[in-house]
Amino acid sequence: QDQTLDTHDIIIVGGGQMGLSLGYYLRRAKADFLILDREDGPGGAWRHGWNSLRLFSPAGYSSLPGWMMPPPHHEGYPTRDDVLAYLHAYEQRYDLPIRRPVRVETIEPGGAGLEISTNHGKMTAKMVVSATGTWSHPYVPDIAGRASFEGSQVHSAHYVGPEDYAGQTVLVVGGGNSGAQIMAEIAPIARALWVTTQEPIFLPDDVDGRVLFERAIARMKGGPSDVPVGGIGDIVMVPPIKAARDRGDLSSVRPFDRMTPTGVVWPDGSNMAVDAIIWCTGFRPALAHLVGLGVVEGDGKVVVESQRSVKEPHLWLAGYGDWTGPGSATLMGAARTARDMAHALTNAINS
Ligand SMILES: Cc1cc2nc3c(=O)[nH]c(=O)nc-3n(C[C@H](O)[C@H](O)[C@H](O)COP(=O)(O)OP(=O)(O)OC[C@H]3O[C@@H](n4cnc5c(N)ncnc54)[C@H](O)[C@@H]3O)c2cc1C
């Protein structure tokens, strides 16, 4: 067990796109920083994306600071593997100081600012940035009887591909991009039903993911009220989704009331036998490592001002969504958030 106390001005927890983007600007500012990441290799949550996962934004609009994502050598938007290759090359290109696999377990006040306990010893830093994303904190709604269900259940965070569901009766629960993309590939091979709390919102066919980011920015800037409502959850009509719509595979039903050992019960009292449920019900910020600091509120977030914790000013947060930087839970948003944050961080260190 390595006990030497490593000290840095800034430690970033999380080596996904948000951590890397921040690393790029801190490197340019010649700051003393280190990135800790618990994965075995580069890519953050993209390492866990399902096999057919594709970006909903073109390469040019999915780039981190300093280097545009190269256009893919194939039709359509970049695949999961294209993103992984880009993030891997990005780390090497900017020679970012990353330690892997290192899991941050707790953070407490100590040293020049905060003391970080990891599975490889302790470290201290004047400032800590939490950029741990949401993938490791999938959300599944608490529905009556869920624990009794004997069929298979998986969250989209762990979904791999449609093969295992061939010929089965499957419920895909959740009306966002993940729900739509997974329903599109399950429907042709299974008796699949798409369960959504309300009618899903599909973007116009010619609108891609960059618009979701631009809308987030416009809203954050208090832009003109005619900016169409619609957040990161609106469904981008990537080719597999268009094809599924044209096949008539994207109709949806409202939620069931409860679950039983063999299936679900609908609001009209009727029962349905189900083999599998795929929960595409989103994520929550992955903040378990911050609980010891007493900053995680009842809603699972941290009170921040310009991404700096109000209760613990040595702590900063980035990449968890608009509350930690406009559109910051997107590739393009991470780049923009990182620029402003690196500036504020180095000022705070030098003040
Ligand atoms: C299905 C899906 C599709 C998406 N499609 C797009 C898209 O097309 N375009 C787009 O711009 N965005 C898209 N996003 C959103 C966004 O780009 C991703 O969520 C992205 O992974 C967020 O990056 P991040 O760096 O904030 O978090 P992550 O990529 O999750 O990286 C966080 C890192 O922190 C590490 N970590 C977590 N806890 C600890 C700890 N305690 N100690 C040490 N390390 C830790 C994790 O292992 C991970 O490596 C999509 C998201 C999902 C889920």
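First listed ligand is number 1; within each ligand, the first listed atom is number 1. FYI, the numbering just counts along the sequence from 1.
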Which residue and non-hydrogen atom of the protein lie closest to [atom], and at what distance in Å?
atom: atom 34 (O) of ligand 1; answer: G14 CA, 3.2 Å
atom: atom 39 (C) of ligand 1; answer: R38 CD, 3.5 Å
atom: atom 5 (N) of ligand 1; answer: W46 CH2, 3.5 Å
atom: atom 27 (O) of ligand 1; answer: G133 CA, 3.4 Å
atom: atom 8 (O) of ligand 1; answer: F56 N, 2.6 Å
atom: atom 15 (C) of ligand 1; answer: A329 O, 2.9 Å

Considering only heavy atoms of [X], which atoms of ligand 1 have at least one such atom less than 4.0 Å away?
X: G16; result: 25 (O), 31 (O), 33 (C)
X: W50; result: 1 (C)
X: M18; result: 25 (O), 26 (O)
X: G319; result: 26 (O)
X: G44; result: 29 (O), 31 (O), 48 (C), 49 (O)

ask   = Strictly under 4.0 Å, does any heavy atom of A286 approach an atom of ligand 1?
value = no
Where does [X] meet ligand 1, judged by heavy-atom distances below 4.0 Å: at the side chain, the backbone, both, or neither?
X: S178; result: side chain
X: Y159; result: neither
X: A318; result: neither
X: V102; result: backbone
X: A131; result: backbone
X: Y77; result: neither

I'd like the name of whichever of [options] reaches closest to [atom] through any heavy atom.
atom: atom 12 (N) of ligand 1; options: I107, L20, T132, T330; answer: T330
atom: atom 3 (C) of ligand 1; options: D37, L53, N177, L55; answer: L53
atom: atom 40 (C) of ligand 1; options: V104, L22, I182; answer: V104

Would you say [X] has more than 12 foreign heavy atoms packed within less than 6.0 Å of its [atom1]?
X: E305; atom1: CD; value: no
X: N347; atom1: CG; value: yes
X: R247; atom1: CZ; value: yes

With nothing but distance in play, are any N or O atoms of [X] less than 3.5 Å from an N or O of ligand 1?
X: L331; answer: yes
X: A45; answer: yes
X: Q17; answer: yes
X: T134; answer: no
X: E39; answer: yes

Does a salt bridge link [X] with [Y], judged by any charged N lying under 4.0 Å from a carboxylate O?
X: R99; Y: D6; value: yes
X: E105; Y: K122; value: no
X: R245; Y: D205; value: yes

key: Side chain H155, main chain A157, donor-acceptor under 3.5 Å   = yes
Can a side-chain donor-acceptor contact be found between [Y] and [X] if the only test is distance below 3.5 angstrom?
X: T134; Y: Y139; value: no
X: T118; Y: R103; value: no
X: S270; Y: D268; value: yes

request  = Go through the steps to decide whether Y86 and W67 satisfy the test ring pair (Phe, Tyr, Trp, His ring centres under 6.0 Å), and finish with yes or no.
outcome  = CA-CA 10 Å; Y86 170 64; W67 181 40; 5.1 Å; yes
task = Please work out whether the ring planes of W50 and Y159 are parallel, tilted or perpendicular, with thresholds of 30° and 60°.
result =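 Ring orientation, 0 to 90° scale: perpendicular.
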Option from R80, E39, H158 for which side chain to side chain contact (heavy atoms under 4.5 Å, CB included) with H48 holds = E39
query = Can you tell me how far OG1 of T132 sits from CG of L36, rounded to the nearest 0.5 angstrom?
reply =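 Here the interatomic distance stands at 12.0 Å.
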inquiry  = Rounded to the nearest 0.5 Å, what separates atom NE2 in H8 from atom CD1 in I349?
reply    = 12.0 Å
inquiry  = My question is simple, although I want it checked carefully: is atom 52 (C) of ligand 1 less than 4.0 angstrom from any protein heavy atom?
reply    = no
ask   = Looking at N177 and D234, what are the two nearest heavy atoms and their distance?
value =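 Distance-wise, the nearest heavy atoms are ND2-O, 2.9 Å.
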